[in-house]
2 protein chains.
Amino acid sequence: MPPSQSPARLDSAEERRTRILDAAEACFVRHGFHRATMHDVAAEAGMSPGNLYRYFRSKDAIVAGLAERDRAAVAEDFSGIEAAPDLMQAFTGLARRHLAEAPAEKAVLCLEMWAEATRNPAMAAICRDFEREIAGRLTSLYRLAQDRADPPKAGADPEALARLAMVMADGIMVRRALSPDFATGPVIDAMLTLVGAALDGRFDPTTTPESDR
Amino acid sequence: MPPSQSPARLDSAEERRTRILDAAEACFVRHGFHRATMHDVAAEAGMSPGNLYRYFRSKDAIVAGLAERDRAAVAEDFSGIEAAPDLMQAFTGLARRHLAEAPAEKAVLCLEMWAEATRNPAMAAICRDFEREIAGRLTSLYRLAQDRADPPKAGADPEALARLAMVMADGIMVRRALSPDFATGPVIDAMLTLVGAALDGRFDPTTTPESDR
DNA sequence: GTGTAGAGAATGAACGTTCATTCTCGGAAA
DNA sequence: TTTCCGAGAATGAACGTTCATTCTCTACAC
């Protein structure tokens, strides 16, 4: 007589949710949130349409669940960054992993989520929280890197620099989504060079531009 | 005996097309391409749904027409740039006009168009052409600016720099669409500073980053 | 037997598009 | 001036389709 509920059951229910989310991701990348049908998702997940509703209340819930999952995965990857031995190397790895090595489908999904966020408050909240978390992590990473330098350098403002890096990252996402063969390497390198130089004061992008003087 | 067809007629037909496009723009910003209905557009334009089809073959045609119109307007604004007396000042004005002063709704529409472009070949073509045109103009602008400098400077590669600037512009668009109160000023300034410094060799973002050495 | 998982047909609302009909108005006829 | 005509502009109800969601029924586990 097994005293606990079958863990296999619970496991498989959770597995089924992720299977549905995986299927939804594929469909949403192919057709977008609004043109992908529940039939498409069901077929991709290898089950009937009705059965989807045993695991998600609605189509919107699937969309939100998917966004939440991806957001959490990326945030997780950023989470321990302040503990890295070489901060800038860790940052470089993070940038390459998410902006170059990640499948281009992620960029498409990202665009889709952004577009949805402009009019769906739930999605807007997810995007906002995500952006805040990453901004916070990058800011403290940069601040830490400045403090740890041999003679502590006071270059550009870490917060402004984090905003700048994120804007560049967003731009890279757009380009990847639009032309899958876009060479992200040079642009990522430019971002890394810029951040590195700005952090230790060799070049400050937060001054007023020449053409205004 | 009137030799030509009534020009008043033609004029008003053209006006009606732009009225429909204006209405569609408002609706698409509010609800997105796929959630905005033809009834919405018709109501916004102050006419009946059926009448829309006298001016556009289909909903898709309206979407394409709108994208085409906006693309052309921006391209037009970039068109004479090589002729400006102060090239960098002209570039600064262009950047401010399109990335800061333009209404935030344009950014939302832009996101919508990008998302659509990932799966609609017609929209993809429009975006691709637009991007090529702007890239070309920026490249030759930068090249010209280098050549014209007092002792001609050979800084970063103009083409790579144009790509970089466009990626940053795309990122700014994303941020504006997502949080309408985002302060674009500092980021635009950073872009201008960066381009200025890169053009005359004070700082080269196209070198391999420090963290790789 | 009882409860859970699943399938797949059914439902009903929403949407793009069509079309028969009405409206508007400039100009010819009287 | 008044009346009538015709053509294009516009209307809005209706149609066929699509799609999210619900319902009903079967099969298996315990």
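Just so it is clear: chains get the letters A, B, ... in the order the sequence lines come, proteins before strands, and each one is counted from 1. None of these values were measured; they are calculated from a predicted model.
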Please give me the minimum heavy-atom distance between Gln146(B) and Pro158(B), naming the atom from each residue. OE1-CG, 3.7 Å
side-chain contact (heavy atoms from CB on, under 4.5 Å) filter on Glu116(A), not counting sequence neighbours, yields Phe33(A), His34(A), Arg119(A), Asn120(A), Met123(A), Arg35(B)
For Arg54(A) and Pro49(A), take the nucleotide of DNA chain C holding the closest heavy atom to each; which residue's nucleotide lies nearer the 5' end? Arg54(A)
Arg17(A) CZ - dA5(C) C1' separation (whole Å): 16 Å
Go through the structure and list residues passing side-chain contact (heavy atoms from CB on, under 4.5 Å) with Ser140(B), not counting sequence neighbours. Glu82(B)
Could you check which of dG6(C), dT21(D), dT18(C) has an atom nearest any side-chain atom of Tyr53(A)? dT21(D)
For Ala42(B), give me all partners under side-chain contact (heavy atoms from CB on, under 4.5 Å), at least two apart in sequence or on another chain. Pro49(B), Leu52(B)
Residues which pass salt bridge (charged side-chain N to carboxylate O under 4.0 Å, His left out) with Lys106(A), listed by chain and number, not counting sequence neighbours: Glu25(A), Asp70(A)
Rounded to whole Å, the CD1-P distance (Ile20(B) to dG16(C)) equals 15 Å
Excluding sequence neighbours, so at least two apart, what forms salt bridge (charged side-chain N to carboxylate O under 4.0 Å, His left out) with Asp129(A)? none
Leu52(B) CG to dA9(D) P, straight-line distance once rounded to whole Å: 15 Å
What pairs meet the ring pair (Phe, Tyr, Trp, His ring centres under 6.0 Å) rule with one or both residues in residues 81-131 of chain B, with sequence neighbours excluded? Phe78(B)-His98(B), Phe91(B)-Tyr142(B)
Under 4.0 Å from any atom of DNA chain D, heavy atoms only: list the residues of residues 21-48 of chain B that qualify, in numerical order. Met47(B), Ser48(B)
Partner set under salt bridge (charged side-chain N to carboxylate O under 4.0 Å, His left out) for Asp86(B), not counting sequence neighbours: none
Do Arg30(A) and Glu44(A) meet the salt-bridge criterion of a basic N to acidic O distance under 4.0 Å? yes
Report yes if a side-chain nitrogen or oxygen of Tyr55(B) is closer than 4.0 Å to either non-bridging phosphate oxygen (OP1 or OP2) of dA10(D); otherwise report no. yes
Are there any protein N/O atoms within less than 3.5 Å of an N/O atom in nucleotides 23-27 of chain D, and if so, which ones and at what distance?
none

By a strict heavy-atom criterion of less than 4.0 Å, which residues belonging to residues 118-126 of chain B are in contact with DNA chain D? none
Qualifying residues under salt bridge (charged side-chain N to carboxylate O under 4.0 Å, His left out), relative to Glu159(B), sequence neighbours excluded: none
Results of side-chain contact (heavy atoms from CB on, under 4.5 Å) for Ala177(B) - residues two or more places apart only: Thr118(A), Ala107(B), Val108(B), Leu111(B)
Within this structure, what is the NZ-to-C1' distance between Lys59(A) and dA14(C), rounded to whole angstrom? 13 Å
